[in-house]
2 protein chains.
Amino acid sequence: MSKKRNTTLKELSKELSLSISTVSRALNDHPDISQDTKERVRKLAKQMNYVPNLFARGFRSRETHILGVIVPNISHLFTSTILKGILEEAELRGYRVIISESNNNEVKQVEMLNTMTQFGVDGVLMSLARKTTNVEEILKILNRIPIVLFDKVSSKIPCTQVVINEEEAAFNAVEHLIELGKQRIAIIKETENSYNSEKRFAGYLRALNKYGIPVRDKLILSTEDISLGNGRRLTNILLSMKKRPDAIFAITDNAAIGAIKALHKFKVKIPEEIAVVGFSNSINSTIVSPALTTVDQPGDKIGRTAVRFLIEEIESPTNEVNTKTVEIKTSLIVRDSSLMV
Amino acid sequence: MSKKRNTTLKELSKELSLSISTVSRALNDHPDISQDTKERVRKLAKQMNYVPNLFARGFRSRETHILGVIVPNISHLFTSTILKGILEEAELRGYRVIISESNNNEVKQVEMLNTMTQFGVDGVLMSLARKTTNVEEILKILNRIPIVLFDKVSSKIPCTQVVINEEEAAFNAVEHLIELGKQRIAIIKETENSYNSEKRFAGYLRALNKYGIPVRDKLILSTEDISLGNGRRLTNILLSMKKRPDAIFAITDNAAIGAIKALHKFKVKIPEEIAVVGFSNSINSTIVSPALTTVDQPGDKIGRTAVRFLIEEIESPTNEVNTKTVEIKTSLIVRDSSLMV
DNA sequence: AAATAAATTGCAAACGTTTGCACAAACGTT
DNA sequence: AACGTTTGTGCAAACGTTTGCAATTTATTT
């Protein structure tokens, strides 16, 4: 059970009567080494099942080929889809991935960032904890290693950011409702300064503006925690109004599903009386009935793209700051909750 | 942007006019060092923002304090809940976690296991790919480092295994249906030699036996891929029978939801005509209507437990093989799909 | 044949940490 | 005063790899 030691360069070199350095260079395909020697070395290496000790290597060259990932909540479906993309792309490019969860705790988030750099990761992919306000510490670390933000990002951090076209996606969703003939469109969004929520809200406003529909404050509802339960609760409020809305745009599938449940309870016809649109295309959106119209966000593409940019920065470092924002296109998936005949 | 170097022991030692080894020992709270020195060292270390180079350490002591995790599919909700538990418990105990996805591919699974040991992880937590049959390679690696299996396990691999009480959980679920007065209980399960499926099937059989209910082959349906779509398809078959079942036990929430969808379509009353029970307590089970009765598996507890056993094996290695199986208790959550008044 | 260039290979240092051992000082015991 | 003991500290080796430079061999040129 005790950890058996791996074959080392030294053992190979002894076996072949070569020096350690020659063996090392042969395996790394260094041009100074003759073809002949290279083949002999490679053959024996394979035979003796040689694998380089990554710690010695990382230790020596301060390159670990490890990427750190920090996300608020790993069991959120959208997040785990992104992680899937990250894992796949990283593996493809010969990087390994360490994952941590911040639990939406800003302090913990910085702590993890520190541990990771201390650990020697080559770069970090990060989705910010809700209400990340103090970016000081993050900026400090950004001076030392490249960071790429995705999904929950912040304009206060000058680095590459990979997001979906939140504003446009929301615009499209609301435009869809308007084209259906809806005029009193309510929105259920987040209170706090959440990047995603604000962008989506902006899209909502732009759509109303474009079609000359007045913005009614009463139809703009916010909640701290954009959950199913709160979606239900806010919808109840909407239903108690003298003039009910004729559509609800919830910036989250869960909240939208909560809305549907509430509407169901009060026997409101969906979508005839009130149409509902969500955001995320989570599995649930097809399970609820009526099936939910929603915005599909290609999580794995976000993950892959983020990895690609991060590795690029790692492998060809420049002294300029990278501040580009990459937008991944989403698409509106129309289902029964907004399908009028 | 270039990787700035961290403070090293050498720098600390120079500053304090002490030897490197004294500083090292002071920071590791070695009893040989005087309290006075320890405090001076610690103070300066903090001030100079010293962090040990984990690579040098891991390299030296061949202990990395990294755990490897291999799962079939990270974006499966139950899996990511387990991961959450793993991450939390590991962090608590000062271990870091590397996660890989096997995509249910046996070859890839072994490959990852190899890369991880090569990488120097102290131990591996693994949930097996479906249809893992060739355990040769895994056994080889088990000789070198401790492995703990969870969720998808195999009796062919002599190591600690953390599972839920699959058989009993299924038994309870079916017993619940019987107590409801159901007599023709169908089961939707997996075809291939899946550990979970077989255990659950065994529980199903035991429940029928206990109550003297004949086992009818026609009511035992299997599918390769236990998905929502296949749940729906198999339910359609059940509905086409001359004598329909009066209950369906699907060994997966998704399949159960497929069943509900099919029943819905044919306007079969749930649970009066046919009751439905699933397995997993995924979020969806509360979103479908009627809400699904299902078995709650405490994912994070599984994760935490697995980590605990693994670390124990790492930190106090014995030469005996560890083959205990730890069962985590589940509970049946009764909802509308089987709630009769 | 001598001189130079090119192709291979080896030596040795370096990376930052831990740890067995040796050493020195201070103390207590005969 | 001589001897052990205890306490605190430093020396130096080791972990496995990479890499600048030197050394050797071989090929090419004059």
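Computed over heavy atoms, backbone and side chain alike; hydrogens, waters and symmetry mates excluded. Below, chains carry the letters A, B, ... as their sequence lines are ordered, and counting in each starts from 1. Model, not experiment: these values are computed from the prediction.
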Inset, instruction - Quick one: sort the A/Tyr95 and A/His65 rings into parallel, tilted or perpendicular, breaks at 30° and 60°. - result: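 Rings of A/Tyr95 and A/His65: parallel, under 30°.
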Legend entry - Counterpart base for D/dT28, defined by Watson-Crick or G-U wobble contacts under 3.5 Å: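 Across any shown strand, D/dT28 pairs with C/dA3.
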Legend entry - Nucleotide forming a Watson-Crick or wobble pair with C/dT29, both distances under 3.5 Å: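 Partner of C/dT29: D/dA2.
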Legend entry - Under 3.5 Å: donor-acceptor pair, side chain of B/Glu327, backbone of B/Val162: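 No; judged by distance alone, with no hydrogens or angles, the pair does not exist.
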Separation of [X] atom [atom1] from [N] atom [atom2], in whole Å?
{"X": "A/Asn28", "N": "C/dT8", "atom1": "CG", "atom2": "P", "result": "17 Å"}
{"X": "A/Lys38", "N": "C/dA7", "atom1": "NZ", "atom2": "C1'", "result": "12 Å"}
{"X": "A/Asp36", "N": "D/dT26", "atom1": "CG", "atom2": "P", "result": "13 Å"}
{"X": "A/Ile33", "N": "D/dT25", "atom1": "CD1", "atom2": "P", "result": "16 Å"}
{"X": "A/Lys10", "N": "D/dA13", "atom1": "NZ", "atom2": "P", "result": "14 Å"}
{"X": "B/Leu12", "N": "D/dG10", "atom1": "CG", "atom2": "C1'", "result": "16 Å"}
{"X": "B/Asp32", "N": "C/dT19", "atom1": "CG", "atom2": "P", "result": "12 Å"}
{"X": "B/His30", "N": "D/dT7", "atom1": "NE2", "atom2": "P", "result": "13 Å"}

Inset, instruction - May I ask you to verify if any side-chain N or O of A/Ser19 is less than 4.0 angstrom from the OP1 or OP2 atom of C/dG10? - result: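 So the side-chain polar atoms of A/Ser19 do come within 4.0 Å of the phosphate oxygens OP1 or OP2 of C/dG10, strictly under.
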Inset, instruction - Examine C/dT9: is either OP1 or OP2 under 4.0 Å from a nitrogen or oxygen in the side chain of A/Thr37? Give yes or no. - result: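 For A/Thr37, the contact criterion (side-chain N or O under 4.0 Å from OP1 or OP2 of C/dT9) is met.
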Legend entry - A/Asn73 side chain to A/Ser75 side chain, donor-acceptor N/O pair below 3.5 angstrom: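 Indeed, the side chains of A/Asn73 and A/Ser75 share at least one donor-acceptor pair under 3.5 Å.
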Inset, instruction - Answer with yes or no whether the side chains of B/Ser19 and B/Thr22 bring together a donor and an acceptor at under 3.5 Å. - result: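 Indeed, the side chains of B/Thr22 and B/Ser19 share at least one donor-acceptor pair under 3.5 Å.
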Among [options], which nucleotide has an atom closest to any side-chain atom of [X]?
{"X": "A/Ser34", "options": "D/dG16, C/dT9, D/dG8", "result": "C/dT9"}
{"X": "A/Thr22", "options": "C/dT17, D/dT17, C/dT9", "result": "C/dT9"}
{"X": "A/Ser21", "options": "C/dT8, C/dG10, D/dG10", "result": "C/dG10"}

Legend entry - Base D/dC15 paired with A/Thr8 side chain (donor-acceptor, <3.5 Å):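 Per atom types, no contact qualifies.
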Inset, instruction - Can you check whether any acceptor in the base of C/dG10 is under 3.5 Å from a donor in the side chain of A/Arg25, or vice versa? - result: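 Yes, a donor-acceptor pair under 3.5 Å.
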Inset, instruction - Taking the side chain as every heavy atom from C-beta outward, state whether B/Phe78 and B/Asp151 have any pair of such atoms under 4.5 Å apart. - result: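 Yes, side chains in contact.
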Inset, instruction - Check every strand shown and say whether B/Ser13 touches a base, only sugar-phosphate, or nothing at a heavy-atom separation below 4.0 Å. - result: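 It contacts nothing in the nucleic acid.
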Legend entry - Given DNA chain C, 5'-ward residue of the pair A/Gln35 and B/Ile20, judged by closest heavy atom: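 Closest to the 5' end, via its nearest nucleotide, is A/Gln35.
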Inset, instruction - Check the geometry between A/Phe59 and D/dT17 and answer yes if their rings are stacked (centres below 5.5 Å, planes below 30°), otherwise no. - result: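 So no, this residue does not stack on that base, at least one cut-off failing.
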